[in-house]
Amino acid sequence: MTDTAPLQVLIVEDEALLAEELDCLVRDAGLRDIGRAMSAAEAVELACTLTPDLALVDVHLKDGPTGVEAARLIAEDCGAVVLFMTANVRRLPEDFAGACGVIGKPYSEQAVRTALRYLETCLRDGRAPGPPPLGLSLSPRFAVLWGGGLAAAG
Amino acid sequence: MTDLTDARPAVGPTDPGARALEAALAEKSALLHEVDHRVKNNLQLIASLILLQCRRTSDEAAQAALKRVLERVNAVATVHRRLFQGDPLQFDVADFVRDLTGDLAAAAGRDDLEIVLDLDHASIPASSAAAFALVFNELLGNALRHAFPMGRAGRIAVSLADTGSACVLTIADDGVGMAGHTPAFGSMIVKLLCQQLRAELQVTDAQPGARVTVTVPMTMGDKHS
């Protein structure tokens, strides 16, 4: 890794305390948290204005189960890599709405730390350093793109 | 989450009784999903609360205590992440053990410890899952924290066997053995929950190291539901 600019991360989560703790984990991992959204509209607007490298997106937001559509727009229109963080892993569409993968809730602090480190490498190098860590499942498209191998979703 | 409607017998779509049954099953499935979702989110909320408080605590002993509590909450949270992935009334112990071991090992950050898993497929009633998870968490956490003082490398073997009537969990390490520190609260958790599970607990000084075996009956009889 020669590029040292920290990855910029957008957090899309309607539970304030979860978002706060995620912020801490993002900063602990040496990444930069650049914004926080609680609804789909807010998330898409922030993503397109701030152009984060990575967006952490919950499925259930303040305005309902709108995270999947928000993720699709963030990935397609705003150019960010999206990672779902949800208790609804099995309700995700087969194509993950363009997201790179999912961490199931309830996640552990350790799982998020490990996943962020893994994704940072994937984003910088354009390829995975190995199979995804326990707790992180890659979407079929990104598993091929990054060569990280398929992990069983769920 | 298991979709209960998937398990319905094939009946003619024109049968009004079958349609009503199908609707009732779909509603039950949706409600179960909703409850499952709330439990998962609330467990995440509890974990976040503990972590946030831990970050704002400067006292080392208080921090350590909060981390122990967080670890126990995580063990229960891991159960809920894994529940409903197959039969909603059964809990796959091997998958759980693999999952939590990975988490605890990563959190321990000890590259000098080798953890070997030898896991038979075994399941216990879902109603026993949280108690089993807390017992396993204490035993493995104990081995990771106390069996190998900094600088002492070693090996922890975790095995799971299905005897047909019981699920036998063994955690064996080649560390400092029974002379090692045994935290009172952790032992109390293990003792009480083994009683609750009607499980047999065996602790032996393996010289070197310690060996703990927990034999959990695969059915709970009529005492728990």
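Lettering follows sequence order; numbering is per chain, from 1. Hydrogens, waters and symmetry mates are skipped; everything else that's a heavy atom, side chains included, is used.
- B:His33 and A:Asn88 share a side-chain donor-acceptor pair at under 3.5 Å.
- Using a 4.5 Å heavy-atom cutoff, the side chains of B:Leu70 and A:Glu109 are in contact.
- How far OG1 of A:Thr86 is from NZ of B:Lys40: 8.5 Å, rounded to the nearest 0.5 Å.
- A:Cys24 has its side chain within reach of B:Arg55: a pair of non-hydrogen atoms, C-beta onward, lies under 4.5 Å apart.
- Between A:Pro106 and B:Ala77, the closest heavy-atom pair is CG-O, 3.3 Å.
- With a threshold of 4.5 angstrom between heavy atoms, A:Leu25 approaches chain B through its backbone and through its side chain.
- Distance CZ/B:Arg98 to CG/A:Leu134: 9.0 Å, rounded to 0.5 Å.
- Taking every heavy atom of both residues into account, A:Gln110 and B:Ala107 meet most closely at OE1-CA, 3.4 Å.
- In this structure, B:Arg211 places its CZ atom where only 12 or fewer heavy-atom neighbours from other residues, nucleotides or ligands lie under 6.0 Å away.
- With a threshold of 4.5 angstrom between heavy atoms, B:Ala106 approaches chain A through its backbone and through its side chain.
- With a 4.5 Å cut-off on non-hydrogen atoms, A:Asp28 touches chain B through its side chain but not through its backbone.
- Of all heavy-atom pairs spanning A:Leu17 and B:Leu49, the tightest one is CD1-CD2, 3.5 Å.
- No more than 12 heavy atoms of other residues, nucleotides or ligands sit less than 6.0 Å from atom CG of B:Asp111.
- No donor-acceptor distance shorter than 3.5 angstrom exists from the side chain of B:Arg81 to the backbone of A:Lys105, with no hydrogens or angles considered.
- The 12-atom threshold is not exceeded at CD of B:Gln53, counting heavy atoms of other residues, nucleotides or ligands nearer than 6.0 Å.
- Taking chain A as the reference chain and counting heavy-atom pairs below 4.5 Å, the highest number among B:Asn74, B:Thr78, B:Leu104 is found for B:Asn74.
- Around the CZ atom of A:Arg27, the shell of radius 6.0 Å holds more than 12 heavy atoms that belong to other residues, nucleotides or ligands.
- Dense packing is recorded around CD of A:Glu42, with more than 12 heavy atoms of other residues, nucleotides or ligands lying under 6.0 Å away.
- The two residues B:Asp103 and A:Ala111 have their closest heavy-atom pair at OD1-N, 3.9 Å.
- When the shell of 6.0 Å around CZ of B:Arg152 is examined, it contains more than 12 heavy atoms from other residues, nucleotides or ligands.
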